[in-house]
Amino acid sequence: MKTTLVYPGIAGYGFNSLGKGMEAGWVSHGLAHLSAAAKAQGFAVDLIDLRALKGWDAFRAEVLRRAPDVVGITMMSVDYNPATEAARIIKEALPKTTVVVGGPHPTLDVAETAAIPQFDYIVTHEGEVTFPKMLAALRDGQPPADRVIHGEMPDLDALPFPDRSLFLDEWRRFGYTLDSPEVPFVDELPPPFLTIIAGRGCMYNCSYCQPAEKTIFGKRVRKRSPANIIAELKLLRDQYRFSSFMFHDDCLTENRPWVTEFCQLYMAEGFTQPFFCQSRADIIVRHEDMVALMAQAGCRGYFIGFESGSDRVLRFIRKGTTRKINLEAARVCRKYGIKIWANYMLGLPTETQDEVRETISMLKEMDPDYYSPAFYTPHPGSDLYEYCLENELSLIVSHDQYRRNPTETKIKGQDYAFLKWALEESQRRTPRHRLGRGLARAGRQVRRYANPRKAVHKLARMIGMAR
Ligand code: B12
Ligand code: SF4
């Protein structure tokens with residue numbers, strides 16, 4: 001009984017994109033967990049990662065070569081087109097193969113997923129308990145009676161660690177050799193770099209996101225214990241000698257006792273590798289001592305969803321923060337040497353140009369280390385998506401457009417020429433900030449390479465005196 005999992009994440013960079021940034025260089029923890037759970041029950045599992053292939057002909061050839069009995073496809077809303085095309089090709093090439101789909105989109109829009117006849121089974125919610133049970137039932141000639149199956153919620157600490165080799169072996173087969181298991185993305189996180197996920201769900205209620213997460217993972221946030229994470233990190237240290245890593249959790253810092261215990265264990269076990277995680281401005285301001293502890297343990301950066309510099313817009317999206325809190329959070333991060341990866345959105349429904357300008361001025365004042373702007377994109381499963389549908393505001397015509405990248409028009413009534421200007425302006429540093437950053441970078445050059453000439457040149461470039 002052979003099982004092949006399919007990762008269809010090519011909506012962003014297309015085929016043959018492996019290694020080109022986060023979207024094309026990170027493993028899917030969903031599939032890695034499914035693989036580990038199925039292997040633990042004795043099933044043979046491999047992977048076809050569309051990002052590693054040259055095109056659909058190559059996919060068909062891979063499917064025929066492997067001839068799996070069961071294929072499991074994961075699917076975010078943005079993956080709908082490649083995931084359905086993959087299912088179509090599988091059924092055409094191997095009509096007897098059972099195709100199972102799961103992931104965020106099948107959970108959030110069961111009806112649309114069920115309308116695709118090539119999906120024999122649709123598993124909603126979490127898959128680690130249910131998928132191996134399905135495989136056993138199929139192997140024993142007793143296929144499940146229902147086409148749509150509600151996945152059982154697992155005990156996270158009881159799960160085997162995610163099977164990274166599923167991805168890494170497959171990538172290696174395609175000649176992808178990097179000095180890192182996953183693609184690093186900032187100077188502060190040197191290779192070998194890895195991603196890890198400590199829990200599921202989020203207790204907050206931002207309208208552009210929820211209730212999607214609560215629908216998929218349940219209302220209560222569940223975390224692996226700090227000891228369980230440390231055990232995985234020890235294994236990863238032995239296997240990959242990682243130099244840095246990043247937590248994928250939606251908001252790692254929401255559970256203060258968990259964070260405290262993790263940091264203490266991390267330091268006690270002798271880990272010094274730097275890491276990034278996601279946090280929120282209000283948490284950072286409220287728990288400065290926790291920020292200090294995290295910095296001491298090795299946290300070098302927070303991804304923070306500042307989203308807007310307008311209090312009216314922040315209320316509208318139920319962010320639970322204010323412009324003042326956003327700015328204060330940035331100050332706290334600076335104080336403890338934590339880099340700021342600023343996520344923010346432009347072109348939200350009801351947002352005026354004056355409010356967009358408030359976001360620009362907030363970013364100028366904040367001077368984040370990394371800018372991560374998005375044109376607001378309505379995502380299925382969120383309240384703001386429903387609002388956009390009810391008010392006929394969505395300009396999205398294909399699932400491929402469910403990307404936050406600021407390249408396409410998304411919302412009726414927004415002036416995208418203005419938003420493109422805002423996008424650039426929001427990232428333009430003031431001369432004072434440019435100079436400050438030039439000095440800091442030059443200092444780093446001197447320290448890192450002991451090369452004062454290079455450092456002086458870098459500084460001259462920063463202030464526009466050299467090319
Ligand atoms: C890490 C992450 C990323 C990473 C890595 C993604 C990856 N390769 O997994 C990066 C940064 C690349 C990323 C990018 C994007 N992401 Co993202 N991401 C996440 C995040 C925070 C964690 C994912 C994760 O590992 N979860 C934990 C695992 C265990 O859960 P899981 O993958 O859902 O899998 C479980 C079940 O769904 C199910 N399952 C999944 N697949 C299958 C298959 C079968 C056969 C079965 C039986 C079961 C099953 O079983 C799994 C185990 O229980 C989630 C939010 C979240 N907390 O999940 C958002 C999330 C998945 N991302 C989201 C979005 C919107 C995006 C982007 C479109 C954003 C953008 N840039 O525009 C891109 C799209 C990338 C692409 N495919 O082209 C949305 C998806 C919403 C939707 N309606 O689809 C989420 C839910 C966040 C949110 N609330 O908005 N993302
Ligand atoms: S946007 Fe972030 S903080 Fe808000 S509900 Fe979603 S995951 Fe939680």
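Atoms considered below: every heavy atom in the structure, side chains included; atoms not considered: hydrogens, waters and symmetry mates. In listed order, ligands and their atoms are each counted from 1.
- The protein heavy-atom contact nearest to atom 32 (O) of ligand 1 is Gly30 CA, 3.4 Å.
- Between Met134, Met76, His379, it is Met76 that holds the heavy atom closest to atom 6 (C) of ligand 1.
- Proximity of the aromatic rings of Phe316 and Tyr387 is defined here by a centroid distance below 6.0 angstrom, and this criterion is met.
- Comparing heavy-atom distances from atom 45 (C) of ligand 1 across Gly9, Gly72, Gly25 singles out Gly72 as nearest.
- Among all protein heavy atoms, the one lying closest to atom 86 (C) of ligand 1 is Glu213 OE2, 3.7 Å.
- Scanning all protein heavy atoms for the shortest distance to atom 58 (O) of ligand 1 gives Phe217 CE1, 3.4 Å.
- Contact atoms of ligand 1 toward Val123: 47 (C) (distance under 4.0 Å to a heavy atom of the residue).
- No salt bridge links Asp69 with Arg139; every basic N to acidic carboxylate O contact stays at or beyond 4.0 Å.
- In this structure, atom 2 (C) of ligand 1 has no protein heavy-atom contact shorter than 4.0 Å.
- Each of the following atoms of ligand 1 lies closer than 4.0 Å to a heavy atom of Arg403: 72 (O).
- Residue contacts with ligand 1 include Pro380, since one or more of its heavy atoms lies under 4.0 Å from the ligand.
- Checking Asn343 against Ser372 by side-chain atom types alone, a donor-acceptor pair falls below 3.5 Å.
- Between Trp26 and Phe185, the distance from one ring center to the other falls under 6.0 angstrom.
- With a 4.0 Å cut-off on non-hydrogen atoms, Asp79 touches ligand 1 through its side chain and not its backbone.
- Residues Leu419 and Gln414 form a side-chain contact, since some pair of their non-hydrogen atoms from C-beta on lies under 4.5 Å apart.
- In this structure, the side chain of Glu355 does not engage the main chain of Glu358 through any donor-acceptor pair within 3.5 Å.
- In this structure, Asp249 does not count as a contact residue of ligand 1, since none of its heavy atoms falls inside 4.0 Å of the ligand.
- Around atom 8 (Fe) of ligand 2, the protein N, O or S atoms found under 2.8 Å comprise Cys202 SG.
- Side chain of Ser17 to main chain of Lys20: no donor-acceptor pair is present (N/O by atom type, distance under 3.5 Å, no hydrogens or angles).
- Side chain to side chain, Ser35 and Asp163 meet the donor-acceptor criterion of an N or O pair below 3.5 Å.
- Nearest to atom 1 (S) of ligand 2 among the protein's heavy atoms is Tyr208 OH, 3.3 Å.
- A distance of 6.0 Å or more separates the ring centres of Phe247 and Phe276.
- Distances shorter than 4.0 angstrom occur between a heavy atom of His125 and an atom of ligand 1.
- Proximity of a side-chain donor or acceptor of Ser165 to a complementary backbone N or O of Leu168 within less than 3.5 Å is not detected.
- No donor-acceptor distance shorter than 3.5 angstrom exists from the side chain of Asn16 to the backbone of Leu53, with no hydrogens or angles considered.
- Residue Leu31 has no N or O atom closer than 3.5 Å to an N or O atom of ligand 1.
- In terms of protein heavy atoms, atom 79 (C) of ligand 1 is closest to Arg404 NH2, 4.3 Å.
- If you check the side chains of Tyr344 and Ser308, you find no donor sitting under 3.5 Å from an acceptor.
- Using a distance-only test at 3.5 Å, with no hydrogens or angles considered, a donor-acceptor pair links the side chain of Arg51 to the main chain of Glu23.
- Between Tyr208 and Glu307, the side chains place a donor N or O and an acceptor N or O closer than 3.5 Å (distance only, hydrogens not considered).
- Checking side-chain atoms of Glu170 against main-chain N and O of Asp46 turns up no donor-acceptor pair under 3.5 Å.
- Distance check for atom 75 (C) of ligand 1: a protein heavy atom is found below 4.0 Å.
- The protein heavy atom nearest to atom 73 (C) of ligand 1 is Glu23 OE2, 4.1 Å.
- Between the side chain of Arg66 and the backbone N or O of Leu47 there is at least one donor-acceptor pair closer than 3.5 Å.
- The atoms of ligand 1 that sit less than 4.0 Å from any heavy atom of Leu34 are 42 (C), 43 (C), 44 (C), 46 (C), 48 (C), 49 (C).
- Checking Arg315 against Thr322 by side-chain atom types alone, no donor-acceptor pair falls below 3.5 Å.
- Only the side chain of Leu108 comes within contact range of ligand 1, with a heavy atom under 4.0 Å; no backbone atom does.
- For ligand 1, the atoms closer than 4.0 angstrom to any heavy atom of Phe131 are 47 (C).
- Here the protein heavy atom with the shortest distance to atom 82 (C) of ligand 1 is Ser77 OG, 3.4 Å.
- For ligand 1 and Val100, the ligand atoms under 4.0 Å from any heavy atom of the residue are 45 (C).
- Side-chain polar atoms of His105 and Glu112 form a donor-acceptor pair below 3.5 angstrom.
- Considering only heavy atoms from C-beta on, Leu395 stays 4.5 Å or farther from Lys410 through its side chain.
- Heavy atoms of Tyr7 approach ligand 1 to within less than 4.0 angstrom.
- The presence of a protein heavy atom under 4.0 Å from atom 20 (C) of ligand 1 is ruled out.
- By the 4.0 Å heavy-atom criterion, Arg200 is counted among the residues contacting ligand 1.
- No side-chain donor from either of Glu126 and His150 sits under 3.5 Å from a side-chain acceptor of the other.
- Assignment of Tyr121 to the shell around ligand 1 is not supported, since no heavy atom sits closer than 4.0 Å.
- Side-chain atoms of His29 and Thr195 include a donor-acceptor pair closer than 3.5 Å.
- Nearest protein neighbour of atom 10 (C) of ligand 1, counting heavy atoms only, is Trp26 CE3, 4.5 Å.
- In this structure, the side chain of Glu182 does not engage the main chain of Phe245 through any donor-acceptor pair within 3.5 Å.
- Of the possible polar contacts, one joining the Asp311 side chain to the Arg323 backbone as a donor-acceptor pair under 3.5 Å is found.
- In summary, the atoms of ligand 1 found under 4.0 Å from a heavy atom of Ile73, numbered by their order in the structure, are 43 (C), 44 (C), 45 (C).
- Ligand 1 lies out of reach of Ala212, whose nearest heavy atom is not under 4.0 Å from it.
- Inclusion of Glu128 in the set of residues having an N or O under 3.5 Å from an N or O of ligand 1 is warranted.
- Under the 4.0 angstrom criterion, atom 67 (C) of ligand 1 counts as lacking any protein heavy-atom contact.
- Against a heavy-atom cut-off of under 4.0 Å, Gly103 is close to the following atoms of ligand 1: 37 (O), 39 (N), 40 (C), 41 (N), 42 (C), 49 (C).
- Under 4.0 Å from ligand 1, heavy atoms of Thr74 appear from its side chain as well as its backbone.
- The closest side-chain heavy-atom distance from Ile230 to Phe262 is below 4.5 Å.
- Closest to atom 4 (C) of ligand 1 by heavy atom, among Arg51, Gln278, His248, is His248.
- The atoms of ligand 1 that sit less than 4.0 Å from any heavy atom of Cys209 are 89 (N).
- In this structure, atom 24 (C) of ligand 1 lies nearest to the protein heavy atom Ile197 CD1, 3.8 Å.
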